[in-house]
Amino acid sequence: MIISLANIFLIYFIPATFFPTTVDSVMAIQGEWRLQQASIGITAMHLQLLHNNKIVIYDRTDFGASNISLPGNRCRFDPQEKVLKTDCSAHSVLYDPVTNEFRPLTVRTDIWCSSGAVLADGTLVQTGGYNDGDEVIRIISPGDAGNDFCDWVEFPGFLSKRRWYATNQILPDGRVIIIGGRDQFSYEFFLPESILLGKNSEVPSLFDFPFLKETKYRNHEENNLYPFVHLLPDGNLFIFANRRSIVLDYKNNSVVREFQSINGEPRNYPSSGSSVLLPIDENSPVLETEIMVCGGSTSPNAFHAAQRGMFLRASSTCGRLNVSDNDAEVRWRMHEMPMPRVMGDMLILPTGDILIINGASSGSAGWERARDPVTRPLIYQTQRIPDENDGNRFSVMEASPRPRLYHSTALLLIDGRVLVGGSNPHIGYNFSGVEFPTDLSLETFHPPYLATQYDPLRPRIIQVMNNLSYKKPFSLVFFVTNLLKSSGVISIRIIAPPFNTHGFSMNQRMVVLKRGDVSFVSYNTYNISVVGPSTPEIAPPGHYMMFLVHANIPSSGVWVLIQ
Ligand SMILES: *[C@@H]1O[C@H](CO)[C@@H](O)[C@H](O)[C@H]1NC(C)=O
Ligand SMILES: *[C@@H]1O[C@H](CO)[C@@H](O)[C@H](O)[C@H]1NC(C)=O
Ligand SMILES: *[C@@H]1O[C@H](CO)[C@@H](O)[C@H](O)[C@H]1NC(C)=O
Ligand SMILES: *[C@@H]1O[C@H](CO)[C@@H](O)[C@H](O)[C@H]1NC(C)=O
Ligand SMILES: *[C@@H]1O[C@H](CO)[C@@H](O)[C@H](O)[C@H]1NC(C)=O
Ligand SMILES: *[C@@H]1O[C@H](CO)[C@@H](O)[C@H](O)[C@H]1NC(C)=O
């Protein structure tokens, strides 16, 4: 029997007053923090969630000895190494958020300030780093059953150029584009087949990209590193550096559009704001694409001012740009955050709202360059409130007891929690005699939607195919105690697991899948028809977390493979 939601509600009506139903009441509580590990032995500078729910974490090899030994009590001898030529400690770990356990991994060359992307088959491809690691590509493959022995495999000399502070994006055809890096005004591609061939098989692999030269500030620190890159639904790339943004047709190495500069300050490293591609909704009659950029330093000079002991107040503005608007004059719509923030991370929550977390309210990224940690996250509501209330879209969350400054990280877990780690504003590990000691811990932030008071509204995915095809309908069976009637109260959303470092989550994207009717199955159990994403440009092939959201309360996610 296929019946509409309205009919279901007539049959299973429960007075709405029993349950919190409005956005305000969802936001009234401010989330919760929990310490998961006081020390994982390294500082969580770079994070990637794999589809077996394990998280690859690493810091850098030229840091001195960490607080965890290499697997098998081995030691690494590296004549190129800057600090310890013989280092028996690990600089990468694999963390399991389900069991809250971790084990060391082995990296041989320096992976500091590098970038990464997960291939369609679930393998993490990490690119570049520093010193002897700057032209290395490294992979770690979770294996189907998430085997316990997986470790890094390194491919020296795979990159055409050194890539330190570059940004990666997975492409619709399965390649990875690697853009920029310190003094690298170019981009290159990585082909998955390269691993088998033992060399980079793309010919030519390297393309000039003068935009990054134009956006580098002379006499200042760059302000264009770790450019913000988002794959647009038309297959082109949105690239933001400093204050400028363009659309790059990477297939033709041509800039097809340039937007107005964002108001105010530069936003990339070391000015270090953050950016997201707002959720792409396949239910809207016209596909809309918007980019959001928040925070950063207020001055291109903040990095140098901090060296002189002047910690300039960070930016408190966000800009939203409607990329779908073809008007040449389209401008960034500016919003004021409740507080300033540099080195924040912007994460898309299962609800489609944006979490802004970590960072400082003065100074810039870089060693010893920031003060006044911002321990309270913000949640920015992407939908539901009319545009004129822009300022009211932010809710201030509970404070973490731990400052998370330079080299801190965050990512969304499959159960809706947010993992937070890192913070090391020093040139090495430094645990004493400093205002902000190196932090080796992992915490979780539990957004308000996880509060038990919402359990009556919380859906549970009971059955769904774990492999989806483009445009192909599928059905999803879910359980919920109290199904609400209003239209749009249910959505099915997929999120790509990003590579997070330096305040930016590479490859992060949410697609709200096209949904059809809900039918009643049995007591509190329903069946909803959904359609796979329309194109690989909207959702490149690979593993995604899928959430069902009911009345702004998400289910726990399930992993699906889109191919
Ligand atoms: C290093 O690890 C040990 C346990 O192996 C722990 O007791 C200690 O607190 C750790 N040090 C830091 C700074 O986290
Ligand atoms: C490629 O870019 C050039 C300009 O750089 C342009 O003239 C040409 O039409 C473009 N080709 C395609 C297929 O977009
Ligand atoms: C973005 O631009 C498109 C095309 O002009 C328009 O239909 C849409 O309403 C705009 N969205 C917002 C949020 O301004
Ligand atoms: C930590 O930083 C302080 C202050 O800069 C310095 O005096 C100390 O030597 C550092 N410790 C280590 C282990 O580097
Ligand atoms: C994925 O689904 C298709 C049907 O849509 C099926 O033919 C294929 O075997 C499935 N693959 C896996 C790995 O489950
Ligand atoms: C859900 O609906 C689909 C068709 O839309 C059907 O094939 C499937 O059997 C249904 N599942 C359940 C558990 O009712």
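Whatever order the structure lists ligands and atoms in, that order sets their numbers, starting from 1. All values below come from the heavy atoms of this structure, side chains included, with hydrogens, waters and symmetry mates left out.
- Between D110 and E81, the closest heavy-atom pair is OD2-OE2, 4.5 Å.
- Contacts between S529 and ligand 6 below 4.0 angstrom, taking non-hydrogen atoms only, are absent altogether.
- There is a protein heavy atom closer than 4.0 angstrom to atom 2 (O) of ligand 4.
- Here's the thing with S432: none of its N/O atoms is less than 3.5 angstrom from an N/O atom of ligand 4.
- The presence of a protein heavy atom under 4.0 Å from atom 9 (O) of ligand 4 is ruled out.
- For E288, a nitrogen or oxygen atom sits less than 3.5 Å from a nitrogen or oxygen atom of ligand 3, counting backbone and side chain alike.
- Residues I42 and S92 share a closest heavy-atom pair of CD1-CA, 3.8 Å.
- In this pair, F63 and W367 present their aromatic rings tilted. The plane angle is within the 30 to 60° band.
- Relative ring orientation between F238 and F259 is described as tilted, the plane-to-plane angle lying within the 30° to 60° band.
- Taking a 4.0 Å cut-off on heavy atoms, R320 fails to register as neighbouring ligand 3.
- Atoms of ligand 4 found under 4.0 Å from any heavy atom of N430 (numbered from 1 in listed order, with element): 1 (C), 2 (O), 3 (C), 8 (C), 10 (C), 11 (N), 12 (C), 14 (O).
- The backbone N or O of N263 lies less than 3.5 Å from no partner atom in the side chain of R243, so there is not a single donor-acceptor pair.
- Annotation for ligand 4: atoms under 4.0 Å from non-hydrogen atoms of V434 are 1 (C), 2 (O), 3 (C), 4 (C).
- Only the side chain of N322 comes within 4.0 Å of ligand 3, counting heavy atoms alone; its backbone N, CA, C and O stay farther away.
- Inclusion of N527 in the set of residues having an N or O under 3.5 Å from an N or O of ligand 6 is warranted.
- In this structure, Y380 has its ring center under 6.0 Å from that of H335.
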